[in-house]
Amino acid sequence: MTTIEDRVHPNETTVPLLPCPAPQETLAFWRALGFEVTYEQMRPYVYLALRWSGFELHYGPAPKDLDPAREQSGGCLVMVDSVAPYHAAFTDAMRSAYGKVLVKGLPRITRYRAGASRFSIVDPSGNTIIFVRRDEPQDLEYGGSTELEGLARVIDNARILREFKSDDRAAYRALDSGMRRRAEDASTVEQATALAGLIELSVALGKTDRVPEWGNQLRALTLTEPERAQVRSFVADPALLEPWWRPQEA
């Protein structure tokens with residue numbers, strides 16, 4: 001006879017077990033973000049358990065030749081109802097602990113653009129934890145929508161590279177090339193959007209020598225306030241664009 005104990009119940013919990021080549025740095029980072037350390041062991045092997053809100057991260061031994069800088073350690077998905085509150089909580093904690101939001105190197109958090117459906121945290125051990133909205137659209141086109149053309153398609157491709165592949169350099173190259181090859185046939189809003197992306201990515205990559213070039217091109221464009229709002233929505237930090245807006249006519 002089958003008993004209740006013999007049945008499978010749909011109430012499982014999956015906890016990621018991530019390789020940890022940098023245990024002390026990893027602990028310090030997650031503690032700074034407000035995680036509770038529920039278990040800490042360094043010998044005879046590493047085992048760490050951390051909890052924040054309703055999910056846990058566990059860490060175990062890493063192969064001796066695993067280099068965190070290559071960011072090939074491991075990763076996991078954290079499915080949530082809305083990603084914006086999580087990003088806000090973690091960036092606030094970073095500002096409090098480090099005096100700034102960590103957006104480069106290890107550890108770091110990817111930028112969050114209003115309306116985006118995911119963001120990532122890369123920990124000191126090179127693992128990527130991706131926070132994903134549960135109802136993220138299923139028809140996302142990774143690599144640019146086939147329904148778009150010209151600079152509009154380039155912009156969409158850069159969005160995918162930035163938000164889903166966390167590849168700022170590739171996004172920068174795409175927009176830079178797109179502006180050189182496609183700007184003449186593009187609308188004013190499309191040009192402004194590409195320039196806004198280039199300004200933000202230039203700052204993120206530490207390549208600010210061309211920011212005045214992109215900014216002066218943006219200033220030369222005439223945009224309505226609704227068009228400016230559309231351009232602002234493409235970047236995570238609209239404040240970067242404020243010095244470059246052309247004064248609106250009275």
Side-chain angles (χ1 to χ4, degrees), residues 83-84 87-88 90-92 94-95 98-122 142-145 148-249:
V83 297
H87 193 273
F90 294 139
T91 52
D92 286 348
M94 284 183 180
R95 290 190 186 95
Y98 301 102
K100 62 180 179 180
V101 177
L102 307 177
V103 296
K104 294 189 294 184
L106 292 180
R108 70 176 184 276
I109 187 171
T110 59
R111 295 180 305 282
Y112 175 74
R113 179 183 60 83
S117 57
R118 61 173 63 191
F119 71 89
S120 300
I121 293 178
V122 185
Y142 294 88
S145 172
L148 300 174
E149 297 180 350
L151 189 58
R153 186 170 183 179
V154 171
I155 292 168
D156 190 56
N157 184 48
R159 175 183 63 82
I160 296 296
L161 289 168
R162 184 183 62 186
E163 295 181 7
F164 295 91
K165 299 184 179 180
S166 300
D167 195 337
D168 285 354
R169 293 187 184 279
Y172 176 91
R173 289 194 295 267
L175 290 174
D176 187 16
S177 174
M179 280 297 293
R180 284 187 277 104
R181 298 170 54 197
R182 308 283 189 176
E184 290 186 3
D185 300 323
S187 69
T188 301
V189 174
E190 290 170 354
Q191 293 179 53
T193 300
L195 290 167
L198 284 167
I199 291 170
E200 183 176 53
L201 288 165
S202 295
V203 173
L205 293 169
K207 301 170 60 174
T208 57
D209 55 311
R210 296 189 68 184
V211 167
E213 173 188 345
W214 308 130
N216 287 327
Q217 290 185 45
L218 179 60
R219 181 180 287 135
L221 300 175
T222 301
L223 298 167
T224 65
E225 187 52 41
E227 289 172 335
R228 289 189 182 194
Q230 181 179 338
V231 174
R232 288 188 187 100
S233 69
F234 183 69
V235 298
D237 187 5
L240 293 173
L241 309 180
E242 295 308 316
W244 307 108
W245 289 124
R246 180 176 182 174
Q248 290 189 305
E249 299 179 359

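Atoms considered below: every heavy atom in the structure, side chains included; atoms not considered: hydrogens, waters and symmetry mates. All residue numbers in this chain count up from 1 along the given sequence. Computed from a prediction, not measured in an experiment: that's the story for all the values here.
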Exercise. Give the intermediate values and the outcome of salt bridge (Lys or Arg N to Asp or Glu O under 4.0 Å) for residues R228 and E242.
Key: CA-CA 10 Å; R228 289 189 182 194; E242 295 308 316; over 6 Å; no
Do [X] side-chain atoms and [Y] backbone N/O form a donor-acceptor pair below 3.5 Å?
X	Y	answer
Q230	E227	no
E200	D237	yes
T110	S120	yes
R108	G105	yes
N216	P212	yes
T208	V211	no

If you compare all heavy atoms of [X] against all heavy atoms of [Y], which two are closest, and at what distance to 0.1 Å?
X	Y	value
L175	A194	CD1-O, 4.0 Å
A158	A171	O-CB, 3.7 Å
L102	P107	CB-O, 3.6 Å
V83	S117	CG1-O, 3.6 Å
P243	R219	O-NH2, 2.7 Å
A204	D168	CB-OD2, 4.0 Å

When rounded to the nearest 0.5 angstrom, what distance separates [atom1] in [X] from [atom2] in [Y]?
X	Y	atom1	atom2	value
L221	T193	CG	OG1	10.0 Å
L218	L198	CG	CG	10.5 Å
L195	Q191	CG	CD	7.0 Å
E149	R182	CD	CZ	9.0 Å

Practice problem: Quick one: do R181 and S177 satisfy side-chain contact (heavy atoms from CB on, under 4.5 Å)? Show the steps, please. | Solution: CA-CA 6 Å; R181 298 170 54 197; S177 174; 3.4 Å; yes
Quiz item: Given the rule in the side-chain contact (heavy atoms from CB on, under 4.5 Å) test, do T91 and I109 qualify, once you have shown the distances and angles that lead to the verdict?
Solution: CA-CA 8 Å; T91 52; I109 187 171; 4.0 Å; yes
Practice problem: Given side-chain contact (heavy atoms from CB on, under 4.5 Å), test D185 with L151 step by step and report yes or no. | Solution: CA-CA 8 Å; D185 300 323; L151 189 58; over 6 Å; no
Self-check item: Ring-face cation of R162 near F234 (centre distance under 6.0 Å, axis angle within 45°)
Solution: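 Yes.
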Practice problem: Under the salt bridge (Lys or Arg N to Asp or Glu O under 4.0 Å) rule, what do R159 and D156 come out as? Steps first, then yes or no, please. | Solution: CA-CA 5 Å; R159 175 183 63 82; D156 190 56; 2.6 Å; yes
Practice problem: Name the orientation class of the two ring planes belonging to Y112 and F119 (parallel below 30°, tilted from 30 to 60°, perpendicular beyond 60°). | Solution: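 Ring orientation, 0 to 90° scale: perpendicular.
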Exercise. Kindly indicate, with the supporting measurements, whether the criterion side-chain contact (heavy atoms from CB on, under 4.5 Å) is fulfilled by L223 and W245.
Key: CA-CA 9 Å; L223 298 167; W245 289 124; 3.5 Å; yes
Self-check item: D176 and W214, any side-chain heavy atoms less than 4.5 Å apart
Solution: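 Side-chain contact under 4.5 Å: yes.
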Quiz prompt | Heavy-atom side-chain contact between T188 and T222 under 4.5 Å | solution =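 No - every pair of side-chain heavy atoms lies 4.5 Å or more apart.
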Quiz prompt | Check against salt bridge (Lys or Arg N to Asp or Glu O under 4.0 Å), R95 and D92 | solution = CA-CA 5 Å; R95 290 190 186 95; D92 286 348; 3.3 Å; yes
Quiz item: Which of these, L161, L201, L205, sits in a side-chain contact (heavy atoms from CB on, under 4.5 Å) with R169?
Solution: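 The single option meeting the side-chain contact (heavy atoms from CB on, under 4.5 Å) with R169 is L205.
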